[in-house]
Amino acid sequence: GAGVSQSPRYKVAKRGQDVALRCDPISGHVSLFWYQQALGQGPEFLTYFQNEAQLDKSGLPSDRFFAERPEGSVSTLKIQRTQQEDSAVYLCASSRLGEQYFGPGTRLTVT
Amino acid sequence: AQSVTQPDIHITVSEGASLELRCNYSYGATPYLFWYVQSPGQGLQLLLKYFSGDTLVQGIKGFEAEFKRSQSSFNLRKPSVHWSDAAEYFCAVGNEKLTFGTGTRLTIIP
């Protein structure tokens with residue numbers, strides 16, 4: 001079956017622009033996670049949804065970061081007024097029975 | 001707080017040789033432990049997991065890992081590596097949100 005998909009795969013933004021990153025989870029997966037992976041590092045947790053409820057947003061680095069999952073399926077991670085330090089790969093994962101399945105990620109470059 | 005340490009940043013092994021990648025964790029309760037593999041430009045693929053029960057777990061692609069509570073370790077092993085195993089390997093711990101190590105880059109030489 002189809003895996004987790006993310007779009008766009010690559011995004012270049014000028015500093016100060018807003019961006020929106022989309023995640024389509026595996027159908028039927030209740031839980032959805034966002035992670036940020038800086039170059040040469042492991043992924044770091046950003047936020048987590050169970051259906052449409054955002055249960056944990058402790059990893060969001062600032063109030064410029066906002067995530068939503070209004071109908072309990074597709075999720076969007078929005079970054080306002082992008083900064084150079086936001087450059088990273090943003091990974092989405094959906095989960096079933098404790099196993100997280102990751103999408104290919106969106107590589108964000110802020111210039 | 002939960003944490004993961006992967007002491008080896010980069011490992012080089014010959015094709016056909018055995019492999020062991022180290023992982024140490026810190027977690028307040030019985031840990032859920034995972035190994036993921038990431039090839040260039042790809043997302044993370046789950047190799048294997050430990051939730052409970054038998055401490056030696058088998059995964060995909062011929063990998064296995066052993067949970068040792070006394071050493072807080074969950075090392076990944078493979079008896080004979082193939083050139084296609086060259087990738088970045090991440091150990092992770094957590095229930096719901098995962099905490100990852102910094103990864104070990106595996107290079108295979110002929």
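Sequence lines set the chain letters: A, B, ... in the order given, protein chains first and strands last, and positions in each chain run from 1.
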Q6(B) side chain to L21(B) backbone, donor-acceptor under 3.5 Å: no

Side-chain (E15(B)) to main-chain (W83(B)) donor-acceptor, under 3.5 angstrom: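 Yes, E15(B) side chain to W83(B) backbone: donor-acceptor pair under 3.5 Å.
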
Leading residue by heavy atom contact count with chain B [cutoff under 4.5 Å; candidates S95(A), G59(A), P43(A), G105(A)]: P43(A)

When Q6(A), E44(A), Q41(A) are compared by non-hydrogen pairs under 4.5 Å with chain B, the top option: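 Greatest number of close heavy-atom pairs with chain B: Q41(A).
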
Is [X] close to chain B through its backbone or its side chain, or both, or neither, when contacts mean heavy atoms under 4.5 Å?
X: Q37(A); value: side chain
X: L97(A); value: backbone
X: R107(A); value: neither

Stepwise ring pair (Phe, Tyr, Trp, His ring centres under 6.0 Å) check, F34(B) with F51(B): CA-CA 9 Å; F34(B) 306 83; F51(B) 286 173; 5.8 Å; yes

Chain A interface, residue from K49(B), E96(B), Q45(B) that has the most non-hydrogen pairs under 4.5 Å: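 Option with the top pair count is E96(B).
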
Chain A contacts, top residue of L98(B), L46(B), N95(B), I9(B) (heavy-atom pairs, under 4.5 Å):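 Option with the top pair count is L98(B).
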
Partner of D86(A) under salt bridge (Lys or Arg N to Asp or Glu O under 4.0 Å), chosen from K14(A), R81(A), R64(A): R64(A)

No-hydrogen, no-angle side-chain donor-acceptor test under 3.5 Å, S58(A) and D56(A):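 Yes, D56(A) and S58(A) have a side-chain donor paired with an acceptor closer than 3.5 Å.
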
Worked check of ring pair (Phe, Tyr, Trp, His ring centres under 6.0 Å) between Y89(B) and F63(B): CA-CA 12 Å; Y89(B) 290 80; F63(B) 286 93; 5.7 Å; yes

Electrostatic pair K61(B)-D85(B), nearest N-O below 4.0 angstrom: no

Quick check on [X] against chain A: is it the side chain, the backbone, both or neither that has a heavy atom closer than 4.5 Å?
X: Q38(B); value: side chain
X: L44(B); value: both
X: F90(B); value: side chain
X: K97(B); value: both

Parallel, tilted or perpendicular: ring planes of Y101(A) versus H29(A), cut at 30 and 60 degrees: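 Answer is tilted, since the angle falls between 30° and 60°.
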
